[in-house]
Amino acid sequence: MMQVVLSTVGNLAVLLFAVTSMLSVGFAYSVRQILGPLRDLGALARALLANFVLVPLLALGILWLWPLDRPLEAGLILVAMSAGAPFLVKLTAVAQSEVSLSATLLVLLLPATVVYAPIVIPQVLPEADVSAGALAVPLLLTMLLPLAAGLLAHNRWPALARRLAPIARHFSTVALVVLVLATTLANIPTITDLFTKGAIVPPLVVIAGGFVIGYLLGGKDRNAREVLGLGTAQRNISAATVMATQGFDAAETVVMVIATSLAGFALLFPIAGVLRKREPVATARTG
């Protein structure tokens, strides 16, 4: 009974985290600020290559070398194929890189995930018990629609948006904590098995490899390299969790998604702290 309650709380927290995270981004930035850098087609192509070709191939290659139980593999594949994490904005702020550029990357990768994941995931994971439309709808409703609403509020009612942005960020943080705690408590035996069997190693390698891939493809600008490195490593846990809960019966799939998110936080916050040691950005790019 307690496990059912915790699972229900975790599912609700997924939705709250996704909606409030995307609202906070929309409240904080104007359309011009986050769309301006998209005129750089070379940078755009490199970001798409890193997130939707190289990281998924890296994950599949790692799973070929280090096989896991199928539900766990499904969770890691979902994470590898989901990009545009709202948490990237917080990581970028910790690293003192260009927060507006991180929002630009997020706005690029999130719609791409909505288009890419429902098409590719059923090909890689044919056991997924959902249609492409069923995968896309939750992502559209919980991420793109709140983002659009936030951007509209920023444009029409900027003073109100400035007041609401920190509130939305606070709720997203609370929802993330509730999500992690509820899922962890509901699946302690499975999570313990991930560590005892060494199943946590593939997620760690995917995250570290994602940072290297993004950093190397970030171009000559230091801040662009840092943002793309963090953005490629920090996968879209919200999208992966929504798809895991919608499309897979095995609880281990969701647990792997959450375990990967925990591994990401454990790796990427120290990386962001190291990046922070250099001189902070004096001005933000507005495009």
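No chain of hydrophobic side-chain contacts below 4.5 Å, direct or via other Ile, Leu, Val, Met, Phe, Trp or Tyr residues, connects Val5 to Val177. Phe17 and Phe171 fall into different hydrophobic clusters, defined by Ile, Leu, Val, Met, Phe, Trp and Tyr side-chain heavy atoms under 4.5 Å apart, directly or through other members. Taking hydrophobic clusters as Ile, Leu, Val, Met, Phe, Trp and Tyr residues chained together by side-chain heavy-atom distances below 4.5 Å, Leu57 does not share a cluster with Leu216. Leu106 and Leu152 end up in different hydrophobic clusters when Ile, Leu, Val, Met, Phe, Trp and Tyr side chains are linked at under 4.5 Å. A single hydrophobic cluster is seen to contain both Leu268 and Leu204, as judged by linkage of ILVMFWY side chains at heavy-atom distances under 4.5 Å, directly or through other members.
Between Leu63 and Ile77, some side-chain heavy-atom pair lies under the 4.5 Å cut-off. Side-chain atoms of Thr20 and Thr173, non-hydrogen and from C-beta on, never get closer than 4.5 Å to each other. A heavy-atom distance below 4.5 Å is found between the side chains of Leu23 and Val19. At least one side-chain heavy atom of Met256 sits less than 4.5 Å from a side-chain heavy atom of Leu68.
With hydrogens and angles ignored, the 3.5 Å screen pairs no side-chain donor or acceptor of Thr232 with any backbone N or O of Asn51. No side-chain donor-acceptor contact under 3.5 Å links Arg235 to the backbone of Val206.
Here the CD1 atom belonging to Ile121 is positioned 9.0 Å from the OG1 atom belonging to Thr113, to the nearest 0.5 angstrom. One distance of note links NE2 of His170 with OG of Ser172; it measures 9.0 Å at 0.5 Å rounding. We find the CE-CG distance between Met243 and Leu125 to be 9.5 Å, quoted to the nearest 0.5 Å. Rounding to the nearest 0.5 Å gives a distance of 4.5 Å between CG of Leu44 and CG of Leu108. Taken from CD1 in Ile271 to CG in Leu91, the straight-line distance is 9.5 Å, to the nearest 0.5 Å. Within the model, atoms OG of Ser261 and CG of Asn236 stand 11.5 Å from one another, a figure rounded to the nearest 0.5 Å.
Of all non-hydrogen atoms in Gly210 and Leu58, the two that sit nearest each other are N-CD2, 4.1 Å. Considering all non-hydrogen atoms of both residues, Arg46 and Gly218 come closest at NH2-O, 4.1 Å. Among all heavy-atom pairs drawn from Ala95 and Leu230, the shortest one is CB-CD1, 4.1 Å. Nearest heavy-atom pair, Ala244 versus Val254, reported as atom, atom and distance to 0.1 Å: CB-CG2, 3.7 Å. Taking both residues in full, the closest heavy atoms of Asn223 and Ser97 are given as OD1-CA, 4.0 Å, listed atom of the first, atom of the second, then distance. Nearest heavy-atom pair, Gln234 versus Leu88, reported as atom, atom and distance to 0.1 Å: CG-N, 4.5 Å.
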| Residue pair Glu252, Leu194: steps toward the side chain to side chain contact (heavy atoms under 4.5 Å, CB included) verdict | CA-CA 10 Å; Glu252 291 87 350; Leu194 291 181; over 6 Å; no
| request: Please test Leu72 against Val255 for side chain to side chain contact (heavy atoms under 4.5 Å, CB included), starting from the C-alpha separation and ending with a verdict. | output: CA-CA 8 Å; Leu72 298 178; Val255 171; 5.6 Å; no
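Residue pairs meeting the salt bridge (Lys or Arg N to Asp or Glu O under 4.0 Å) criterion with at least one member in residues 158-176, sequence neighbours excluded, do not occur. Sorted by first and then second residue, the salt bridge (Lys or Arg N to Asp or Glu O under 4.0 Å) pairs with a member in residues 68-85 read Arg70-Glu73, Arg70-Glu127; sequence neighbours excluded. Screening residues 212-246 for ring pair (Phe, Tyr, Trp, His ring centres under 6.0 Å), with sequence neighbours left out, gives Phe211-Tyr215.
More than 12 heavy atoms of other residues, nucleotides or ligands lie within 6.0 Å of OH in Tyr116, so this atom counts as buried by the packing criterion. Annotation for Phe269: atom CZ counts as buried by contact number, over 12 foreign heavy atoms lying within 6.0 Å.
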